[in-house]
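Input: a single structure, listed below in structure tokens.
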Amino acid sequence: MHQKTWIALAVLATAGAASAQSSVTLFGVLDVGVAHVTGEGVSRTGLSTGGANISRLGFRGTEDLGGGLAAGFWLEAGLDVDSGSGKTSGALAFNRRATVSLSGPFGELRLGRDDAATFLNTLIFDPFLTNGVGGTNAFIMLGAPIQVSNAVGYFLPRELGGFYGQVQYAFGEQPSNADNSKQGNYAGARVGYRTGPFNASLATGKLKGATGAEDVKAHNAGVSYDFGVVRPMLLWASEKKGAVKITAIELGATAPLGNGELRAQVSRYSTQPGSADWHKLALGYGYHFSKRTQVYGAVARLKNDSGAQRSIGLQGLAATGTTLGGSSSGYEIGIRHNF
Amino acid sequence: MHQKTWIALAVLATAGAASAQSSVTLFGVLDVGVAHVTGEGVSRTGLSTGGANISRLGFRGTEDLGGGLAAGFWLEAGLDVDSGSGKTSGALAFNRRATVSLSGPFGELRLGRDDAATFLNTLIFDPFLTNGVGGTNAFIMLGAPIQVSNAVGYFLPRELGGFYGQVQYAFGEQPSNADNSKQGNYAGARVGYRTGPFNASLATGKLKGATGAEDVKAHNAGVSYDFGVVRPMLLWASEKKGAVKITAIELGATAPLGNGELRAQVSRYSTQPGSADWHKLALGYGYHFSKRTQVYGAVARLKNDSGAQRSIGLQGLAATGTTLGGSSSGYEIGIRHNF
Amino acid sequence: MHQKTWIALAVLATAGAASAQSSVTLFGVLDVGVAHVTGEGVSRTGLSTGGANISRLGFRGTEDLGGGLAAGFWLEAGLDVDSGSGKTSGALAFNRRATVSLSGPFGELRLGRDDAATFLNTLIFDPFLTNGVGGTNAFIMLGAPIQVSNAVGYFLPRELGGFYGQVQYAFGEQPSNADNSKQGNYAGARVGYRTGPFNASLATGKLKGATGAEDVKAHNAGVSYDFGVVRPMLLWASEKKGAVKITAIELGATAPLGNGELRAQVSRYSTQPGSADWHKLALGYGYHFSKRTQVYGAVARLKNDSGAQRSIGLQGLAATGTTLGGSSSGYEIGIRHNF
């Protein structure tokens, strides 16, 4: 097989404007590990994927249109390294992101499938980035989406003295004369402020249910501060569907340690009505072989209140289940390679 | 994530012949827009994809074999930017084209999955290239294929004083002793003449039905002439399945206007027997931000005769349906980015 | 569409170590041909794929971590060029390989989906590399895997005076409290010795069945010697599932002839208990247009004993079936293009 290597250069586009520069980038994350998860009286051992970062393969690019304008695209497919599978019928699709953007001094207009505005804080303010045994449970608690298709998004420009924000609307695409004509419509917004070591963000969104089914409302907020020796972070997230509500509060931290990073979180998930609460503790470490390659390990323990029955599972390694009010734990050691 | 950019250079192949040059090209089209389609008393709004050009991702390459011979390959997957989905079980496959070719002074021999010979005229002689609200309805009217698998194709060489042509045979791959042993066999041919501003082409093909089921016969022809200020085109297409026949006649035109292109078509689709005819009117414009990026808009209206019930739909946004004899309309605004 | 070509250069990684070099390679094999297969009183003609080498598309890369260590990844998807389909729900997934590796003086540790240790000899010691009408039937005879997911593999370092070897364990990932808690667990090992023209290898493995279902045990060995004018090879392979056992013995050879390679094999497959044996004869030739492009042809004949009913099929062209004790034959001519 003939070797070809993609090298890091910007190319002069074939586009008219002499100043136009463009690039196409292949990128990916391959993350795979050995993991063990337990419930009460049961365990499962195997290979997991995405323990530190979600495994993915993507193509993205930008084109300078002149006058401060740029066009961009992003295609990103999730995959399971443990099995080689993709995430749509077991095969590859750009389920994580498929967008075309126009950006300029006004900000960015983005069309396609993208992260939901209400998902991002649960990722960014979790030391485990939602991944692996240690990842937060503060998302899709009652059905709020991770990604949304058919979305129109607007992002504020980057130079606003630290302020950032986005609004997003996704079409459910139901026919106008149907009883459930609004089913699947999603609207979300996120605003934040980041300066030096400080970052804070709020998000809110609503996913319309079918006729007779409740909407899912999601709200969350996060704040982090990098003291250098440690970066503590606090995440609050709530999802509400009709009379049911789950609220998560997570205190996390990352800290440089040796040639790597220590990660820890403690979180509590409160369900109303009822006593289906649970909490989770996790500790992990990622050792940087290089900027691209990390070896990581993590341990976590989840404890249910009397009415809850949650157990720890991973991408590529299903949860075992546990008893009502029981506990669950997990550990993993893996390798994450970016390209 | 590590940035890599593919640059535009031909590489000396590792193949023996010192003269051998080869290239591998990543290419794609991402086209996404906001669209609205209506039937009688019903509408649907959402994101569409492929309004100006079908969204796709592909890999292709050629290898100079010396002596005027070349080997080539082409892999092309359709995709929906609005949802990130592919076209096979929702995931990516090279449904648009997967071929290996040998070409030389004799022409090109091509094996694999490819556009059907009888599809191409309906694409080339439609100002909307079959896409979006304005695209022609002159293909797959009664089941003639867009692409065919298991195809052997032969293309005339390019230097024939303007003449071009192809023949194509695709195997249905039924067992010889089955009642339906010819089911799925497809044979097609296309010939044309192109010189300066003039282009004209004829195609004919047949898809074998199952035992007791009729074959689908497709015939079509197109002609266009580029006067500079306007390029009118005429497309005639017919599909016949047993006693049923649909005939399309479309008059279209493109015209440069400002830094873009105006597009228009009027077409009529006649069904025999019966009164299930319909016609369609469409007007659109594409503004060229650059050679690679176009912003476009289009409006279209379809009117059914008393026995027809057609309605306008798009890639990524399903048609609404309409009443018998009713009308349907649509508009869209989108962005198409090539790489 | 904007042309971009990936050129053959090593790039300085963005990683910390100044010595770190890394590469990402796109690679593929596209192999498609016209084939004809027969059983008693029945035949099928069409396009096949992978007659000389399995068609595939992949991405792989390595990163120098310093100190003799390297990280590597490999993603490889099988595909059918005749239809453009992938191998998972008809779409693309990295079903052939998806791994991340750490390698160094100690050898290589590899995690993910990979070739089963017990598959490799049946590939390497078959002149047809398991492919096309002539390929060996000495694998998946009773269900031993070609690839395994959730696998941990260790490979000996390359510099051991010709010795090579690997051990592999793949997790079935059943819950510990299930009756079938070991179902799908696979363990395999392979050792060999290669020096100059000589190569020999042994492999053994076991796939755990469900509760009450038998395990599949596979053993095989191969030896080849390249005399220059001819490279004979011998393959012995056995699979056992409970009381049933199939044993294959194949004598094969490749020989340079003109600007190509002659391939031949004769093989016998013995089933115990019973009389469901069969044997196969095959002859083929591959002409090298270049290092990357080969045109090939092959013919094969399979003869069943009274209790067997095997028939020749190919990737992309299903077998026809035959009568009990009947014969089957096939021929094909195709083109294989690597990039």
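Note that the structure is predicted; figures quoted are calculated from it, not measured. Residue numbers start from 1 in every chain, and the chains themselves are labelled A, B, ... in the order their sequence lines are given, proteins ahead of strands.
Ring geometry for Phe73(C) versus His337(A): interplanar angle of 30 to 60°, hence tilted.
A salt bridge does not link Asp80(A) to Arg113(C): none of the charged nitrogens lies less than 4.0 Å from a carboxylate oxygen. Using a 4.0 Å cut-off between charged side-chain N and carboxylate O, Glu76(C) and Arg97(C) make no salt bridge.
Annotation: maximal heavy-atom pairing with chain C below 4.5 Å, among Asp31(A), Leu57(A), Thr49(A), occurs at Leu57(A). If you tally non-hydrogen atom pairs under 4.5 Å between each of Gly46(A), Ser48(A), Ser55(A) and chain C, the highest count goes to Gly46(A). Ranking Ala93(C), Ser176(C), Ala151(C), Ser149(C) against chain A, the residue ahead of the rest is Ser176(C), based on heavy-atom pairs under 4.5 Å. In terms of heavy-atom pairs under 4.5 angstrom with chain C, the leader among Val37(A), Leu79(A), Val42(A) is Val42(A). The most heavy-atom pairs under 4.5 Å with chain A, out of Leu75(C), Leu69(C), Asn95(C), Val152(C), come from Leu75(C). Contact tally against chain C (heavy-atom pairs below 4.5 Å) for Gly321(A), Ser43(A), Gly90(A): the top residue is Ser43(A). Your options are Asn185(C), Asn150(C), Asn177(C), and the one with the most heavy-atom pairs under 4.5 Å with chain A is Asn150(C).
Side-chain contact of Ser327(A) with Arg301(A): a donor-acceptor pair under 3.5 Å is present, judged by distance alone. For the residue pair Gln315(A)/Lys87(A), the side-chain donor-acceptor check at 3.5 Å is satisfied.
Both the backbone and the side chain of Thr45(A) come within contact range of chain C, with heavy atoms under 4.5 Å apart. In this structure, chain A has a heavy atom under 4.5 Å from the backbone of Thr99(C), while its side chain stays farther away. Proximity to chain A involves both the backbone and the side chain of Phe94(C), based on heavy atoms less than 4.5 angstrom apart. Using a 4.5 Å cut-off between heavy atoms, Gln147(C) does not touch chain A at all.
For an aromatic pair to be called close, the ring centres must be under 6.0 Å apart, and Phe171(C) with Tyr169(C) satisfies this.
Considering Thr293(C), Asn53(C), Asn131(C) in turn, Asn53(C) is the only one that fulfils the side chain to side chain donor-acceptor pair (under 3.5 Å) rule with Arg336(C).
With hydrogens and angles disregarded, a donor-acceptor distance shorter than 3.5 Å links the side chain of Lys280(A) to the backbone of Gly135(A).
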